[in-house]
Asks: 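Sharing a structure with you now.
Quick note on labels: first sequence line is chain A, next is B, and so on, each numbered from 1. What you see is a predicted model, and the numbers here were worked out from it, not measured in a lab.
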Amino acid sequence: MSFTLATWNINSVRLREELVLKLLREEAPDVLCLQECKSPVDKIPTEGFAALGYEHMVANGQKGYNGVAILSKMPLEDMGREDFAGLGHARHVAAKLPNGVIIHNHYVPAGGDVPDREVNEKFGQKLDYLSDMARDFRNAAPKRAILVGDLNIAPREDDVWDHKKMTKIVSHTPIEIEALYDVMTAGDWLDVTRADIPEGLLYSWWSYRAKDWDTADKGRRLDHIWATSDIAASAHGSRVLRPARGWEKPSDHAPVFATFDI
DNA sequence: ATGGTAGCACAGCTA
């Protein structure tokens, strides 16, 4: 069976309901994982999604901030929500597909501006969130699983527009990159996007503050699709839907896609 | 070093 999965930080699912519908109509992934829904679960506009065939959703929501959801054409079994770092935030939800594959959808804390947990509590929370993820995967090694989301870390030199300028900028500091690779190793995860697209600059986020995001192209690859090694080899066809960053009233993130033959 | 934009919700936090 072949299925296509997309992940997208939507930056308010209620404000951008029409953009979600456009993506579902034009790209028709089997599963769409959203982050930063910024909505309680019961206020997510599911009717329009269901009308396009996405009749199934598992979600974790809160008012105003964070929030993650998995939309699917196929039935989903709710596999619960983790509160890593004990923040009380809606940053994770998991679901199982009929083929047995488990999907983890994460919104990792951004971590504030200063990359030092002694002076910036948010940076400490980000590192704690990552170490809790790693501990969880060491406790119960995931199998036949996919992990997606806005991980708020661009690990490789070619995941940012200027590696040297970025090494002290939160999202590309060595301590975060180390922590992210520790999560990856703890769970036998492989970076599907970079397995499919090993060469070259590849971004999924551009700041709203840049004058001309497209020509300046000061992007970062913050949005990831990983898979456990038992199914990673079946993945192909990865891409970033960069044009979505240029849609009317866009999210600052573009959707990332991967197709799996499982 | 600073400020630039955006969402939520209506001030100020978060990104």
Asks: For B/dA6 versus B/dT2, give the span between their P atoms, rounded off to a whole number of Å.
Replies: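 Between the two P atoms, the distance is 23 Å.
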Asks: Of the nucleotides B/dC8, B/dA15, B/dA9, which has the atom closest to the A/K63 side chain?
Replies: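 Within the option list, the nearest is B/dA9.
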Asks: Quick check on B/dA15: is either OP1 or OP2 less than 4.0 Å from any side-chain nitrogen or oxygen of A/R209?
Replies: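 No, because none of the side-chain N or O atoms of A/R209 sits under 4.0 Å from OP1 or OP2 of B/dA15.
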Asks: Between A/K249 and A/Y107, name the one whose nearest nucleotide on DNA chain B is closer to the 5' end.
Replies: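 Final value for this comparison: A/K249.
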Asks: Cut-off 3.5 Å, no hydrogens considered: what does the side-chain donor-acceptor table look like for residues 44-59 of chain A, sequence neighbours left out?
Replies:
residue, atom, partner, partner atom, Å
A/Y54, OH, A/P29, O, 2.5

Asks: What is the distance from CG of A/N66 to P of B/dC8, rounded to the nearest Å?
Replies: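 Rounding to the nearest Å, CG of A/N66 and P of B/dC8 are 13 Å apart.
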Asks: Work out how far the C1' atom of B/dG3 is from that of B/dA15, and round it to whole angstrom.
Replies: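 About 15 Å, rounded to a whole number of Å.
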Asks: If I take atom CD in residue A/Q62 and atom C1' in nucleotide B/dG7, what distance separates them, rounded to the nearest angstrom?
Replies: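 The distance from CD of A/Q62 to C1' of B/dG7 comes to 14 Å, rounded to the nearest Å.
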Asks: Between A/R194 and A/D159, does at least one N-O distance fall below 4.0 Å, as a salt bridge requires?
Replies: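 Between A/D159 and A/R194 there is a salt bridge, with a charged N closer than 4.0 Å to a carboxylate O.
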Asks: Name the atoms and distances for all side-chain donor-acceptor pairs under 3.5 Å in residues 139-150 of chain A, with sequence neighbours left out.
Replies:
residue, atom, partner, partner atom, Å
A/R144, NH2, A/N99, O, 2.9
A/D150, OD1, A/N152, N, 3.0
A/D150, OD2, A/N9, ND2, 3.0

Asks: For B/dA15, take OP1 and OP2 only and decide whether either is under 4.0 Å from a side-chain N or O of A/R220.
Replies: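 So the side-chain polar atoms of A/R220 never come under 4.0 Å of the phosphate oxygens OP1 or OP2 of B/dA15.
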Asks: To the nearest Å, how far apart are A/L15 CG and B/dA15 P?
Replies: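 Going from A/L15 (CG) to B/dA15 (P), I get 18 Å.
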Asks: Remember a base hit wins even if backbone is also touched, and classify A/R14 as base, sugar-phosphate or nothing at under 4.0 Å, heavy atoms.
Replies: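 No contact at all - A/R14 keeps every heavy atom at 4.0 Å or more from the nucleic acid.
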Asks: Can you measure A/N152 atom CG to B/dT14 atom C1' for me and round it to whole angstrom units?
Replies: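 Value for this atom pair: 11 Å.
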Asks: Measuring from the side chain of A/A110 (C-beta onward, heavy atoms only), which nucleotide among B/dT5, B/dA15, B/dG12 has the closest atom?
Replies: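 Closest nucleotide among those given: B/dA15.
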Asks: Return the value, rounded to whole Å, for the distance between atom CD1 of A/I153 and atom P of B/dA15.
Replies: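 Going from CD1 in A/I153 over to P in B/dA15 covers 14 Å.
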Asks: Let me know the distance between CG of A/N11 and P of B/dA9, rounded to the nearest Å.
Replies: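 Those two atoms, CG and P, are 13 Å apart.
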Asks: To the nearest Å, how far apart are A/D252 CG and B/dG4 P?
Replies: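 In whole Å, B/dG4 P and A/D252 CG are 18 Å from each other.
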Asks: Considering only B/dT5, B/dA15, B/dC8, which nucleotide approaches the side chain of A/S12 most closely?
Replies: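 The answer is B/dC8, which lies nearest to the side chain.
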Asks: For the pair A/W205 and A/H253, name the ring-plane relationship: parallel under 30°, tilted 30 to 60°, perpendicular over 60°.
Replies: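 Taking A/H253 first and then A/W205, their aromatic rings sit tilted (interplane angle of 30° to 60°).
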Asks: Could you check how far NZ of A/K211 sits from P of B/dG3, rounded to whole Å?
Replies: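 Between P of B/dG3 and NZ of A/K211: 14 Å.
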Asks: Mind checking the C1' distance from B/dG4 to B/dC10? Whole angstroms is fine.
Replies: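 Approximately 23 Å lies between the C1' atom of B/dG4 and that of B/dC10.
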Asks: Between B/dC13, B/dC8, B/dA15, which nucleotide gets closest to the side-chain atoms of A/Y65?
Replies: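 Of all the options, the side chain of A/Y65 is nearest to B/dC13.
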Asks: Side chain of A/K122 only, heavy atoms from C-beta on: which candidate in B/dT5, B/dT14, B/dC8 is closest?
Replies: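 So the side chain of A/K122 is nearest to B/dT14.
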Asks: Tell me whether A/E27 is salt-bridged to A/R239, with the criterion being a basic N under 4.0 Å from an acidic carboxylate O.
Replies: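 Salt bridge flag = yes for A/R239 with A/E27.
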Asks: When you compare B/dT5 with B/dA9, how far apart are their P atoms, in angstrom units rounded to a whole number?
Replies: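 22 Å, rounded to whole Å.
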